[in-house]
Structure formats: C-alpha cells, structure tokens
Amino acid sequence: MAEPRENLQMEKIVSLCKRRGFVFQSSEIYGGINGFWDYGPLGAELKRNVKELWWQAMTRQRDDVAGLEATILMSPKIWEASGHVATFSDPMIDCKTCKGRFRADQTGEISCPQKPSQCVQQCHGEKTEARAFNLMFQTYVGPTATAEDLAYLRPETAQAIFAQFKNVMETARQKVPFGIAQVGKAFRNEVTPRNFIFRSREFEQMELEFFIKPDEVIEAIHGAVATPEIPGPDSPALEPQPNWGWQAWHQYWVEERVRFYQGIGLDRSTLGFHRQTPQELAHYARACTDILFKFPFSKKDEQGNVIGDELEGVAARSDFDLSQHQRFSGKPMGVFDDELRAAWAKLPKEKSDDLWRRYYENRKNYLLKSGVEAEPASRQATDDANGLAKGQYIPHVIEPSAGVDRLILALLANAYSETTETDDKGKSETRVTMRFHPRVAPIKVGVLPLLKNKPDIVKKALEIRDALRPWMNVFYDEAGSIGRRYARQDEAGTPFCVTIDFDTLGENPERLDTVTLRYRDDGRQERLKISELRDWLLARIR
RNA sequence: GCGGGUGUAGUUCAAUGGUAGAACGGCAGUUUUCCAAACUGCUCACGAGGGUUCGAUUCCCUCCACCCGCUCCA
C-alpha cells in the first residue's frame, strides 16, 4: 500500500507550513475550527503573488478583460436566480442501520446499500427525519434577524459578475467578446472539509467570465464557425479570432490557463485533465474541462497513474447565467450588435431561417428546463429569435474558475523537495528546499552580511537591502552562521541570496563593491557587482 | 453526519497514577564563519472541560481539532 507514504508527504508539508509560517490552523489557541486556515507571513506573500500574477495575466495584459470587486453579501435573489438556494439545501435522510445518507426526495429511487433489491424508502433501516443541508452560510442584514433579512455569504464569486454584466460592459466600453475577472473570498459550509487547504469552508477564487457570441451569431456574421487547431505545448498561444465559436473559445481558455500554470512552475507533467462526461455536466453546460494537479493525496486510476484533483474548471456555460438573471430580475441582459443586424439583412432566406430556428430551439430548451410552461416558453423563444434578427442576443459564457488555496497547495507540494546528507561523522540530516518559481516565491532575495559583528559589513548589507526593497520582497538576516541562514532561506523558498563580505569592502581590490550571489536550487555561487544587482534580480523574478 | 485512528515544547519524538525528557529549531553572546560549524546561556509542551482518585499528562466520559474510509462536492 502506497497510502502511508503519500500521507507522510502531506504531513511533511503541513508541518513545514506551520514551522515556517506558510499556513496555520485558524483559531488554533482555542482548539481550531474545522475547515478554516490562516496564512502566515510566508503564505500571505505567496498567495498575494499568485493572485497578482493571475490579475496581471487575465486583465492588465489584455484588452478584452475588465476587473470587478464585488461584495460578499448580496441580494438573496441572486442565489435564487443562480440556482444555489434550490441546489444547496437538499433535505437529507440518514439511515442509522446502514449508516448511509440519502437525499430525501430520492429515497424511492436509490436502492438500499444493504438490500439492493429494495429502495431506501422500503428497507427496514431506522432512518432520521429529513434534515436540510444548506451549504450556503446564512446571516442577517440589519438588526432584526427576521426571514426578510436573510442573506447568504456568496458560495462563488461568479454571480456578481453576471449581475454587474451590463454596468461593467458599459463603463469599460467593451463589446462581446470580452471578459470580467474577479478575485475574492467565497464560503461553503462543506459537509467534510478535507486535505488541508484543498477543501475548506472559507476559500478564495479567481474567476473569469468570458462573454462570447452564440454560434448562431458567428454564423450569421462570418458564414461559419471556425475550428482552429490546438497549438502544441511549445508553440505560441493562439490569437483569438472574430469567427470563433464557443468550442474554439473553450479550448483557447483551457490552453491559456495551462500556460499560466506553467509560467508559475507547474510543469504540464504535474497537471491532469478531466473532460466532464455528459452525465457529470450541469444541464445548461456544453462542456467543462477540469485542470487537475497531481497532489500527494490524489487517487490513482486502474493503471496506477495518479489522476489528480481539481485546480480549475473551464466551463462552457451557454447563456444560462445571464438568462437566469434576466428572468429573475426582469432586466434585459442581452446585447445589441450592429454587425449582426447588418449581416442578418444580407443572409439568404434559408440560412436565416435555419439560424432563427436553431436559436429558437436553444432558447425554448433553456426555458423549458428552467420550469417555464410550454406555451409561454415558445412565445418567449419566438421573441428571442426575432430579437436575433434585429441584432440582439444574450451572450454565452466561458468560465475559467480557479481556486486560489488549491493552487497554493499545489505550489507547496510541487516545490517541496528534500535531500539527505551524511557528514564525515556519519550523522545524516534531511534538508528541505522549497523550489518555488521565482515569480511566486514569497521572498525574492535574502541579504546576508557574512558577519554581524563587523559594522562596515552590516552597514553595506543594510544599504543593499534598502536599495532593493522598493522593487521586491527582501529579507535581511544576520543571525547565525552563513550556512544556517542559507538553509533558512531554502526552506522559505527564496531563490537567491546575496552575501556581503570583506571583499565587498575592498579587502581584495578586484572585488570591491561585488557580492556573492548564491542560487537556491544548486548552491552555485557567483560574484556580481552591486550596481548590477537590482536589474539582474528583476530579470529573474518577473 | 457515520466508522476507524491520533492529540506531549515551534517541529519530530520519548517517558510516567506522584505535575515531564531529548533532538532539531528559535533567541542572546563569542568567533575574518560561504552551505543547518563549534562553544556558552536562555526560551517553549501534556488539545479543552468534566469524572474517578489522597493525587490524573497517564484511567473513564464529553467536546474540539487533525488523519484515513464512507457520504457530499452547484
């Protein structure tokens, strides 16, 4: 059984996180609280770096994405529209005899684990009353704590993006296709928080909702929907094209996201992919590709290959979300497209009839599945399809949704490496090095005076620290032997250290104003001029 | 929520029905000290609450947390 070893690996990581200040248990002095974790000094830096890199890549480096920072508490109607009020509060029944737990509305369909010939409803197990399992945290807005004041802590950040879709589009002066990005906390009262920070009750998400034209619109404007080749891992990323349909956009975002992970040190070989099957997909979703990371606790498939657990889901969610908010709020969520209206007028009749029909079917299908009666559904779908001919449509969306804390855990697991060395006396010791990519490393450079009792060396070291500080996170350390300080920085994952010695001060005139630069991963050292230090480091940490 | 396991310094471990030791770490100091050097000194723990007992870290109960399995995972 390989399980104890994998468990050991997680235990080592958890222990290091505590010891070095990456992650602490929340409320530890009171015995902790299940499903909540705090980030210590190094963890806070690591997390900040990750979020900033995401924000940089997803918004600032692009013309077609705008940012948003919405509130955690919102109108509860948002969660009715999104479906969370309904799906997050399933009544459950426990069986005291067989220890099973079942959805109360399915006891007539699920077979009893002990007597598969009978359904749960019929078997003789002693069952509890149905109890509501609401996975959304509740609170009250206002002092009266009545049912009208009930509110929920958001279980995902995405819905605020949909709710603010029109405002953002207008103020950012964007046109479809474009996206809205948001980073923020989300809360789920998980039944079983597990695996350290992998599944917790308070967590952070980095979500993009990228709005695209429905395929019918692309066809009307461009004649056909493009199906581009997926570029190989080493070829340059695709440039988005105006004639892309949802499949091309979906593939594009999966690829973009994988490149992001590679850019912060997660090699493709550490990742896995899972394309959700039709059974797994939500009814409104067209496709969803999960990007997985092979965690120490991840399970293996029949062939013994590690499967991985979800870092991010890239979902093609059709026009479901905006449609829901349009229906529940009564506010139009569609957009108007000049190009579409002009193109539509020039379409051959059979083409426009075909597109009209397909759009109509999609809209009717959505409405029926959302519980709208047949007749009003077809009336509404007719209106929607007529709107298409006038240049109006509800955008579809591609949603790359990533968990920050899961990514942090992936980076920790990926960086963790240990080497055991045996000295002359036969005493062996294990050293840990956190091989973070310099972009995410909490500390970029350690500044170390060789000796702390030599004022000139210390003074010079402090000057260097102060010169680098505005540009990167610097850690100054003068305590203990130089080797000990290197080792401390290795455990923190600091990619570079500079050491100031007597040569720096001119004891060896050729080396005046130079420092030792030491690499974390192999201990290699070279001599670098102080005047070149800042640019040398900046080139490697960005 | 159910079943199993675990809970002793910051970390990893030890011992004990008579209130706890070590290693490593951390802090301070000495040292022209470049890979956890050496030496000196110091700091830090029985998850919480009850019960049994003259006395509980040790036995019992409850709770909390962590790990594993089941369940859940929009």
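Throughout, a chain's letter reflects where its sequence line sits, starting with A, and its residues are numbered from 1.
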Requested in this report: Give a yes or no on whether a donor-acceptor pair under 3.5 Å exists between the nucleobase atoms of B/C34, that is its base, and the side chain of A/Thr516.
Outcome: yes
Report task. Please measure how far the C1' atom in B/U62 lies from the corresponding atom in B/G26, and state the result in whole Å. Result -> 37 Å
Report task. For A/Arg20, answer base if it contacts any base atom (sugar-phosphate contacts may also be present), sugar-phosphate if it contacts only those atoms, and nothing otherwise; contact means non-hydrogen atoms under 4.0 Å. Result -> base
Query raised in the report: May A/Phe502 be described as stacking on the base of B/U32, applying a 5.5 Å centroid limit and a 30° limit on plane angle?
Result: yes
**Report entry** Nearest-angstrom distance, C1' atom, B/U19 to B/U53
**Finding:** 15 Å
**Report entry** C1'-based separation of B/G49 from B/C54 [nearest Å]
**Finding:** 22 Å
**Report entry** Any A/Arg488 side-chain nitrogen or oxygen under 4.0 Å from OP1 or OP2 of B/G26
**Finding:** yes
Query - Selected nucleotide, minimal atom distance to A/Thr499 side chain, candidates B/C27, B/C34, B/G1 - result: B/C34
Requested in this report: Kindly indicate, with the supporting measurements, whether the criterion side chain to side chain contact (heavy atoms under 4.5 Å, CB included) is fulfilled by A/Tyr486 and A/Cys497.
Outcome: CA-CA 7 Å; A/Tyr486 284 147; A/Cys497 284; 3.8 Å; yes
Query raised in the report: Which value, in whole Å, describes the distance between the P atoms of nucleotides B/G5 and B/G41?
Result: 45 Å
Query - Side chain A/Ser329, main chain A/His325, donor-acceptor under 3.5 Å - result: yes
Query raised in the report: Does A/Tyr30 get its side chain close enough to the base of B/C64, under 3.5 Å, for a donor-acceptor pair?
Result: no
Query - Any A/Ser481 side-chain N or O less than 4.0 Å from OP1/OP2 of B/A37 - result: yes
Query raised in the report: For B/G21, which nucleotide is its Watson-Crick or G-U wobble mate, given both distances must be under 3.5 Å?
Result: B/C13
Requested in this report: Name the nucleic acid region contacted by A/Asp490, choosing base, sugar-phosphate or nothing; use a 4.0 angstrom heavy-atom cut-off, strictly under.
Outcome: nothing
Query - A/Arg518 CZ - B/C34 P separation (whole Å) - result: 14 Å
Requested in this report: Check A/Arg518, A/Arg524, A/Arg520 against A/Asp522 for a salt bridge (Lys or Arg N to Asp or Glu O under 4.0 Å) and give me the one that passes.
Outcome: A/Arg524
Requested in this report: Write down the distance separating the C1' atoms in B/C13 and B/A45, rounded off to the nearest Å.
Outcome: 13 Å
Query raised in the report: Between A/Asp405 and A/Glu204, is there a donor-acceptor pair closer than 3.5 Å when you use the side chain of the first and the backbone of the second?
Result: yes
Query raised in the report: What heavy-atom pair brings A/Val447 and A/Ala461 nearest, and what distance separates the two atoms?
Result: CG1-O, 3.5 Å
Query raised in the report: Counting any heavy atom closer than 4.0 Å, what does A/Leu448 reach on the DNA or RNA strands: base, sugar-phosphate only, or nothing?
Result: nothing
Query raised in the report: Whom does B/A28 pair with, Watson-Crick or G-U wobble, provided both distances fall under 3.5 Å?
Result: B/U40
Requested in this report: Take atom CZ of A/Arg199 and atom P of B/C70, then tell me their distance rounded to the nearest Å.
Outcome: 12 Å
Query raised in the report: Centroid-to-centroid, A/Tyr152 to A/Phe137, below 6.0 Å?
Result: no
Requested in this report: Kindly indicate whether the side chain of A/Glu190 and the base of B/C73 share any N or O donor-acceptor pair separated by less than 3.5 Å?
Outcome: no
Query raised in the report: So what does A/Lys299 hit on the nucleic acid, given a heavy-atom distance under 4.0 Å: a base, only sugar-phosphate, or nothing?
Result: sugar-phosphate
Report task. Could you check how far NZ of A/Lys12 sits from P of B/C24, rounded to whole Å? Result -> 19 Å
Requested in this report: Kindly give the heavy-atom pair with the smallest separation between A/Phe162 and A/Leu322, and that separation in Å.
Outcome: O-CD2, 3.9 Å
Query - Separation of atom CD1 in A/Ile29 from atom P in B/C44, rounded to whole Å - result: 18 Å
Query raised in the report: How far apart are the closest heavy atoms of A/Lys47 and A/Tyr39, and which atoms are they?
Result: NZ-CE1, 3.6 Å
Query raised in the report: When you measure from the side chain of A/Arg194, which nucleotide among B/U71, B/G29, B/C68 comes out closest?
Result: B/C68
Please list, for nucleotides 6-11 of chain B, all pairs of protein and nucleotide N/O atoms separated by less than 3.5 Å.
unit_1 : atom_1 : unit_2  : atom_2 : d
B/G10  : O3'    : A/Lys18 : NZ     : 3.2
B/U11  : OP1    : A/Lys18 : NZ     : 2.7
B/U11  : O3'    : A/Ser15 : OG     : 3.1
B/U11  : O2'    : A/Ser15 : OG     : 3.4

Query raised in the report: In the structure shown, which nucleotide is the Watson-Crick or G-U wobble counterpart of B/C46, with both distances under 3.5 Å?
Result: none
Requested in this report: Decide if the gap between the ring center of A/Phe210 and the ring center of A/Trp253 is smaller than 6.0 angstrom.
Outcome: yes
Query - Sugar-phosphate only, base, or nothing, as touched by A/Gly40 at under 4.0 Å among non-hydrogen atoms - result: nothing
Query - Nucleotide forming a Watson-Crick or wobble pair with B/U58, both distances under 3.5 Å - result: none
Query raised in the report: Does a nitrogen or oxygen in the side chain of A/Asn34 sit under 4.0 Å from OP1 or OP2 of B/C64?
Result: no
Query raised in the report: Quick one: A/Phe297 CZ to B/C67 P, roughly how many Å, whole number?
Result: 10 Å
**Report entry** Which residue lies more 5' along RNA chain B, comparing A/Gly523 with A/Tyr284 via nearest heavy atoms
**Finding:** A/Gly523
Query - Interatomic distance, A/Glu156 CD vs B/C73 P [rounded to whole Å] - result: 15 Å
Query raised in the report: Think A/Arg484 has a side-chain N or O under 4.0 angstrom from the OP1 or OP2 of B/G25?
Result: yes
Query raised in the report: Does B/C35 have OP1 or OP2 sitting under 4.0 Å from an N or O in the side chain of A/Arg485?
Result: no
Query raised in the report: Considering heavy-atom distances to RNA chain B, does A/Glu507 or A/Arg406 have its closest nucleotide positioned more toward the 5' end?
Result: A/Glu507
Report summary line: Pairing partner of B/G3, by Watson-Crick or G-U wobble and under 3.5 Å for both distances, is B/C68
Requested in this report: Quote, to the nearest angstrom, the P distance that separates B/C44 from B/U58.
Outcome: 23 Å
Query raised in the report: Centres of the A/Phe198 and A/Phe295 rings: under 6.0 Å?
Result: yes
Query raised in the report: Expressed as a whole number of Å, how far does the P atom of B/C66 sit from that of B/A14?
Result: 22 Å
Report task. Identify whether any heavy atom of A/Asn195 sits under 4.0 Å from a base atom; if not, whether one sits that close to sugar-phosphate; answer base, sugar-phosphate or nothing. Result -> sugar-phosphate
**Report entry** Test of ring centre spacing under 6.0 Å for A/His396 and A/Phe320
**Finding:** no
Query raised in the report: Between A/Arg201 (CZ) and B/C72 (C1'), how many Å, whole number?
Result: 11 Å
Report task. Just call it for A/Arg431: base, sugar-phosphate, or nothing, with non-hydrogen atoms closer than 4.0 Å on any strand. Result -> base
Requested in this report: Round to the nearest Å and state the distance from A/Gln489 atom CD to B/C34 atom C1'.
Outcome: 15 Å
Requested in this report: Could you give the distance separating B/C42 and B/G17 at their P atoms, to the nearest angstrom?
Outcome: 30 Å
Report summary line: Side-chain atoms of A/Thr192 come closest, of B/U32, B/U71, B/A28, to B/U71
